[in-house]
Visitor: 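Can you keep this structure in mind? I'll have questions shortly.
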Amino acid sequence: MDKSEFLSLRRKIIEREFDKLNDMQKKAVFSTEGPLLVLAGAGSGKTTVLVNRIANIISHGNAWYSDDVFRMPSPEEEELLKIAAETGEIDESIRYLLEDYPAKPWQILAITFTNKAANELKDRLLGMIGPEADDIWAMTFHAACVRILRRNAQYIGFSSNFTIYDTDDSKRVIKDCIKQLGLNDKFYQPKQCISEISRAKDYLITPGEYAAQNSSDFIKKNIADIYELYQEKLRASDAMDFDDLICYTVQLLRDNPEILEYYQSKFRYILIDEYQDTNHLQYLLVSMLAAKYRNLCVVGDDDQSIYRFRGATIENILSFEEEYGGAKVIRLEQNYRSTQNILDAANGIISNNLGRKGKKLWTANGEGEKIIRHQAESDRDEGYFVAGRVLRGIREGMNYSDFAVLYRMNSQSNLVEQAFVRNGIPYRIIGGHKFYDRKEIKDAIAYLSVIANPNDTVRLARIINEPKRGIGDSTFDKLIRISEDLSLPVMDVMRSASDYPMLSRGAGKLSAFAAFIDECIEFSEQNPIEELLRKVVNESGYIDSLDLDRERKQDRLENLDQLVNNIKLFEENNEDATLNDFLQEISLMTDIDNYNSDSDSVVMMTVHSAKGLEFNTVFLIGMEENIFPSELSIQEGSAGIEEERRLAYVAVTRAKKHLFLSSCKYRMLFGMTRVNPESRFVAEIEQSLLEKSEENKREEEQRSRQRAYRRGTEIPRGGSKPKSRPDFPFKKPAQVSSETYKVGDTVRHKTFGEGVVLSASAMGNDTMLEVAFINGTTKKLMANFARLEKVK
DNA sequence: ATTTACATCGTTTTT
DNA sequence: CGATGTAAAT
């Protein structure tokens, strides 16, 4: 056997191991060295590629492409190789012949976007390469950064069990800062400050630099002060926000060459999933880590970039080839999920975007059914339409879990939810009210946080008077003031509260509370977390205080029980896990991470949350202008619309077999009834792929029969029955306004101000008005709902 | 300090 | 419309 024979045999054996993959997927799996861009369309087996690529790197390294041979096989080994090529069974003794510098699991860093994706990746890796997969760093950006930071916390002046603040916590701190600086919080809104600070962090701009860059801008100068104070407060609380996790990691690596060198050498192979959703800071982090080996594989789909509002820059993926000269590009365009009709619809929508890498999904699954397009009378009818179709599906033998309802914004779930409740359809809502966002859960977590990190003043503020123990805002403010002025830990001040005249009145209560926390801290060192939680909620009087509102008590107790269960589960899965580990786990967790398709119920969520998931039947509701695309994105212009279009592309490609696109003639939105035309995205789908819903067809038939009847001509009665009115009040009791409007009238609206009526047309027993408001926008409103005031 | 009533506000998407 | 926050009353 000569060398080329051996090499081709080697390739054959390796290829056999991955024979379930298509050619493009194999190419991505075998391309281990150097920068690699994998453009993976929706449903193209992206995770499969990631898993297999990692497996290949560990078991074969670059052996498929490499012409290097460590040693030629002996005659016995040749026989074993031939057997392996025939049967796929590889004798352990010849493994070394099939390798070219394979990596150890701990040399691999695989970054995903969500914890769910990370867990899925880990599970599949465990299944494919066994327990040593545990050494692979397969996690989210945030989790990886936390891991690096905890190990090196002293370099950046934090303790190794620093707290992670969520958006809610950050907001509280920001509010404090605005107040403390004596600024008007109308002018400096917490939300805007946070996003401004977040943008600064994205480009590693320090408060000082930010101030210098904006010295001529009065407002931004103040934001610089807020930014500075905010960072100080977080540091004093030994806490970081989400952005800090990445930001401090980048700074740590930038300022400490030996640490950078350690991680650069450690991670020989880096893989980044969902690369289109990375922001500048994440890009920076990746490029630092990958600088040494340049074995960087990024996987993504420029058409699925939907997190621009959070700082994701689609440019990261668009300019990857430029950034990494000589990068290999592989496109995965074969879709294994949907029917061709669904893919054509998605292709049709996305082709309207400019500046794409460009790709076209195809499938071997066949054409499939047409996409059903339905127009409901109202948002309420839309809910009943969905419910009706689910029930029909169930009658035909489908499961509830085959269905998903997707929408642009959380508030759209309400009416579908009501329709489901009335029809006894089991459902789950992902997002919206997150489990860990519930008050009682946040309170409980706050107690645990303070016990884990007594410097966490934000969480302390939450619970120091919850339940009421007579420690009001002014006392707490004084407490913080003293602790800041004397640079003493808050807990120390509390313990010896009676030493401070300022605290005289509340001193006893404060020291009692401090004693309770101290007792819990001691308890926590010896006992499991769930025991600690039980102690906390019972002995703090929290449970007792729930009696105040009997209505919700049961609910809240159940939630607390659920939390205890979650903790137990966590402790079972993670031996000798500390309280800190648990708190970290939940601080980086979101609702979607808890989603599993086990229980048989219809699932409802936003399109954003649905990314990466798939469902047999998808109802995409609210396909209307001003909803999807959203009003704000329309105002924003093409960049906004293109992002919405990508979102629509994501939504459509979630469906495996059936897709419904529904819209309403009018809907209640933000407290008033609005009229929106059907979404432009529906028009971007080739019309032959769409089919009107039976419900709509029947209505039309009935209407035309009525018209014919009025004209005296008769239409032969067809098979279809007239649509029965739904058994629910379809509109609110008519509060018909005495006012009538005609074109040219001047009206005043509560929020939009004055406007001129452009058109008025009768609709049912109401009038649909088109009004041009002085703020330059034109809105369509229903006269009876809009609460308009006639001016002239 | 706490409760209540009233007003105002902003309304997308979330690691 | 709902959540959130402020002002006034207890």
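Values below: every heavy atom of this structure, side chains too, minus hydrogens, waters and symmetry copies. Just so it is clear, the structure is predicted and the values come from calculations on it, not from any experiment. Per chain, numbering begins at 1; letters A, B, ... match sequence-line order.
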Visitor: If I pick the P atom on B/dT13 and the same atom on C/dT4, what distance separates them, to the nearest angstrom?
Guide: 14 Å

Visitor: Mapping A/Gly470 and A/His608 to their closest nucleotides on DNA chain B, which lands nearer the 5' end?
Guide: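 Per heavy-atom nearest nucleotide, the more 5' residue is A/Gly470.
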
Visitor: In whole angstroms, how far is the P atom of B/dT14 from the OH atom of A/Tyr407?
Guide: 10 Å

Visitor: Can you list everything that forms a side chain to side chain donor-acceptor pair (under 3.5 Å) with A/Thr606? Sequence neighbours excluded, please.
Guide: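 Expected list: A/Ser609.
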
Visitor: Looking only at the side chain of A/Arg310 (C-beta and beyond, no hydrogens), which of the listed nucleotides B/dT2, B/dT13, B/dT15 gets closest?
Guide: B/dT15

Visitor: From CZ of A/Arg147 over to P of B/dT15, roughly how many Å is that when rounded to an integer?
Guide: 21 Å

Visitor: Only one of A/Val607, A/Leu659, A/Val618 passes side chain to side chain contact (heavy atoms under 4.5 Å, CB included) with A/Val652; say which it is.
Guide: A/Leu659

Visitor: Can you check the A/Ile634 CD1 to B/dT11 P distance for me, whole Å?
Guide: 17 Å

Visitor: Of all the nucleotides listed (B/dT15, C/dC1, B/dT14), which has the minimum atom distance to the side chain of A/Asn410?
Guide: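 The listed nucleotide nearest to A/Asn410's side chain is B/dT14.
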
Visitor: From the set B/dT2, B/dT13, B/dT15, return the single nucleotide nearest to any side-chain atom of A/Asn465.
Guide: B/dT2

Visitor: Whole angstrom is fine here: how far is it from CD in A/Glu631 over to P in B/dT13?
Guide: 14 Å

Visitor: Would you please confirm or rule out a distance under 4.0 Å between OP1 or OP2 of C/dG2 and any side-chain N or O of A/Ser411?
Guide: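 Result: no.
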
Visitor: Round to the nearest Å and state the distance from A/Gln412 atom CD to B/dT11 atom C1'.
Guide: 13 Å

Visitor: Among B/dT15, B/dT14, B/dT3, which nucleotide sits nearest the side chain of A/Thr606?
Guide: B/dT14

Visitor: So, do A/Phe309 and B/dT13 meet the stacking rule of ring centres under 5.5 Å and planes under 30°?
Guide: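 It does: the ring sits over the base of B/dT13.
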
Visitor: Write down the distance between CZ (A/Arg308) and P (B/dT15), rounded to a whole number of angstrom.
Guide: 19 Å

Visitor: For A/Lys175, which contact category applies under a 4.0 Å heavy-atom criterion: base, sugar-phosphate, or nothing?
Guide: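 A/Lys175: backbone/sugar contact only, no base atoms under 4.0 Å.
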
Visitor: Which nucleotide in the set B/dT14, B/dT15, B/dA1 lies at the smallest distance from any side-chain heavy atom of A/Ser474?
Guide: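 Output: B/dA1.
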
Visitor: Which part of the nucleic acid, if any, lies within contact of A/Phe113, taking any heavy atom under 4.0 Å across all strands shown: a base, the sugar-phosphate backbone alone, or nothing?
Guide: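 Answer is sugar-phosphate: A/Phe113 comes under 4.0 Å of backbone atoms only.
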
Visitor: According to a strict under-4.0 Å criterion, is A/Lys611 in side-chain N/O contact with OP1 or OP2 of B/dT14?
Guide: no

Visitor: Within the structure shown, what part of the strands sits under 4.0 Å from A/Lys171 by heavy-atom distance: base, sugar-phosphate, or nothing?
Guide: nothing

Visitor: Could you work out which one of B/dA1, B/dT14, B/dT15 sits closest to the side chain of A/His142?
Guide: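 The answer is B/dT15, which lies nearest to the side chain.
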
Visitor: Counting the atoms with a prime plus P, OP1 and OP2 as sugar-phosphate, which does A/Ser633 contact under 4.0 Å by heavy atoms, base, sugar-phosphate, or nothing?
Guide: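 Since no nucleic acid heavy atom lies under 4.0 Å of A/Ser633, the category is nothing.
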
Visitor: Taking atom types as modelled, find out whether A/Asp443 and A/Tyr542 have a side-chain donor-acceptor pair closer than 3.5 angstrom.
Guide: yes

Visitor: In whole angstrom, what separates A/Tyr283's OH from B/dT15's P?
Guide: 25 Å

Visitor: What pair of heavy atoms forms the shortest contact from A/Ile621 to A/Glu382, and how long is it?
Guide: CB-OE2, 3.4 Å

Visitor: Considering only side-chain heavy atoms of A/Gln189, which listed nucleotide, B/dT12, B/dT2, B/dG10, is closest?
Guide: B/dG10

Visitor: Measure the acute angle between the ring planes of A/Tyr307 and A/Phe309, then classify it against the limits of 30° and 60° as parallel, tilted or perpendicular.
Guide: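 A/Tyr307 vs A/Phe309 ring planes: tilted.
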
Visitor: On the 0 to 90° scale, with breaks at 30° and 60°, tag the A/Phe628-A/Phe681 ring pair as parallel, tilted or perpendicular.
Guide: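 Taking A/Phe681 first and then A/Phe628, their aromatic rings stand perpendicular (interplane angle over 60°).
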
Visitor: Between B/dT14, B/dT11, C/dC1, which nucleotide has the shortest distance from any of its atoms to the side chain of A/Met668?
Guide: C/dC1

Visitor: So if I take every side-chain heavy atom of A/Lys468 and compare against B/dT2, B/dT12, B/dT15, which nucleotide ends up nearest?
Guide: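 Selected nucleotide (nearest to the side chain): B/dT2.
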
Visitor: Atom CG of A/Asp166 to atom C1' of B/dT14: distance rounded to whole Å?
Guide: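 After rounding, the gap between these two atoms is 11 Å.
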
